[in-house]
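Reviewing the structure listed below.
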Amino acid sequence: MKVIGLTGGIASGKSSVCQELKSRFGFPVIDADKTAHDVMRKGTPAHAQVVGEFGPSVLTSDGEIDRNKLGEIVFVDAGKRKRLNSIMHPHIAYAIARQLFSHWLANNPLVILDAPLLYETGLNRVTRAVIAVFCEKEQQVERLMKRNDLQEDDARRRVAAQMPLELKVKRADYVIDNTGERRDTLENVARVAKSVVSNHNSVADWLLAPRSVALGVLAVLTIAGCTFLYLT
């Protein structure tokens, strides 16, 4: 089984690209952002840690964590953002490792790991190749303001809090340009999807699959560190 990373910046269009890869080309997807939602639900260890660190003001009326309220705190304070990441990343990495193993048991030859912080968290180490979705910074800001109903300063802070897209593009094996019209983006997605399949669908890949997934799961757990032990 081959793991192909999919990354991009906030409001770069990565989610739309991921949906296209999933619905049009049938690639199974591990969604790191959805995983983060799931591991932070009420009653989980991560939920308790986040509330313990940032207080009950980040909760909704039903006791779930309000990601918008939490974002207002961590996107203006790098120290608090680092603390949140240190809490969340081990939980997310362990959950992703379990999903990787499930896909291997299902005999899926290729899985997309959709992770906006793929490089920042080191999850790229479990991938065979990486796809980066690119757009201009001003497009990110404009899209984010519209999508999240944010003021420009707040949108710019959130964009600046992530690794610059240009650096992700330089490190990626494939790039999907999302600066133009939707039809152009879809053509780019199709081109990359076909290339991924042709380059990662060999007999040698199939023979190495058990070793590949074992190393992948081990790498994810290594990224998580010893913290994952209390989650079992």
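Here the structure is a predicted model, which means the values were calculated and not measured. Along the sequence shown, residues carry numbers from 1.
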Flag yes if [X] and [Y] sit in one hydrophobic cluster, no otherwise; membership is Ile, Leu, Val, Met, Phe, Trp, Tyr, and two members link when side-chain heavy atoms are under 4.5 Å apart.
| X | Y | result |
| --- | --- | --- |
| Ile4 | Leu117 | no |
| Leu70 | Leu59 | yes |
| Val74 | Ile10 | no |
| Phe134 | Leu118 | no |
| Val175 | Leu113 | no |

What closest approach, in Å, do [X] and [Y] show between heavy atoms, and which atom pair accounts for it?
| X | Y | result |
| --- | --- | --- |
| Ile30 | Gln99 | CG2-OE1, 3.5 Å |
| Val29 | His103 | O-NE2, 4.4 Å |
| Phe25 | Ala190 | CZ-CA, 3.5 Å |
| Val133 | Leu165 | O-CD2, 3.4 Å |
| Val159 | Gln140 | CG1-OE1, 3.9 Å |

Inset, instruction - Could you pull out all residues at least two apart from Glu152 that satisfy side chain to side chain donor-acceptor pair (under 3.5 Å)? - result: Arg156
Any side-chain donor paired with an acceptor under 3.5 Å for [X] and [Y]?
| X | Y | result |
| --- | --- | --- |
| Asn199 | Tyr174 | yes |
| Arg83 | Ser86 | yes |
| Asn178 | Thr185 | yes |

Inset, instruction - Would you check if the side chain of Asn148 reaches a backbone N or O of Leu150 as a donor-acceptor pair within less than 3.5 Å? - result: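 Answer holds: no.
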[X] [atom1] to [Y] [atom2] distance, which is reported to the nearest 0.5 Å:
| X | Y | atom1 | atom2 | value |
| --- | --- | --- | --- | --- |
| Leu105 | Phe101 | CG | CZ | 4.5 Å |
| Ile73 | Asp66 | CD1 | CG | 9.5 Å |
| Asp31 | Ile112 | CG | CD1 | 12.0 Å |
| Asn124 | Arg171 | CG | CZ | 5.5 Å |

Taking [X] first and then [Y], would you say they form a salt bridge - that is, a charged N and a carboxylate O separated by under 4.0 Å?
| X | Y | value |
| --- | --- | --- |
| Arg157 | Asp153 | no |
| Lys14 | Asp33 | no |
| Glu120 | Lys168 | yes |

So [Y] and [X], do their side chains get closer than 4.5 Å, heavy atoms only?
| X | Y | result |
| --- | --- | --- |
| Ile131 | Thr7 | no |
| Leu186 | Glu20 | yes |
| Lys22 | Pro28 | no |

Inset, instruction - Only counting residues at least two apart or in another chain, list the ones meeting side-chain contact (heavy atoms from CB on, under 4.5 Å) with Asn85. - result: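 By the side-chain contact (heavy atoms from CB on, under 4.5 Å) rule, Asn85 matches Arg81, His89.
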Inset, instruction - Could you list the residues that satisfy side-chain contact (heavy atoms from CB on, under 4.5 Å) with Val39, not counting sequence neighbours? - result: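 Applying side-chain contact (heavy atoms from CB on, under 4.5 Å) to Val39 gives Thr35, Met88, His91, Ile92, Ala95.
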Legend entry - Enclosure of Gln139 CD (heavy-atom neighbours >12, cutoff 6.0 Å):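 For Gln139, atom CD is crowded (more than 12 foreign heavy atoms under 6.0 Å).
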Inset, instruction - Take atom NZ of Lys69 as the centre, draw a 6.0 Å sphere, and report whether it contains more than 12 heavy atoms from other residues, nucleotides or ligands. - result: yes
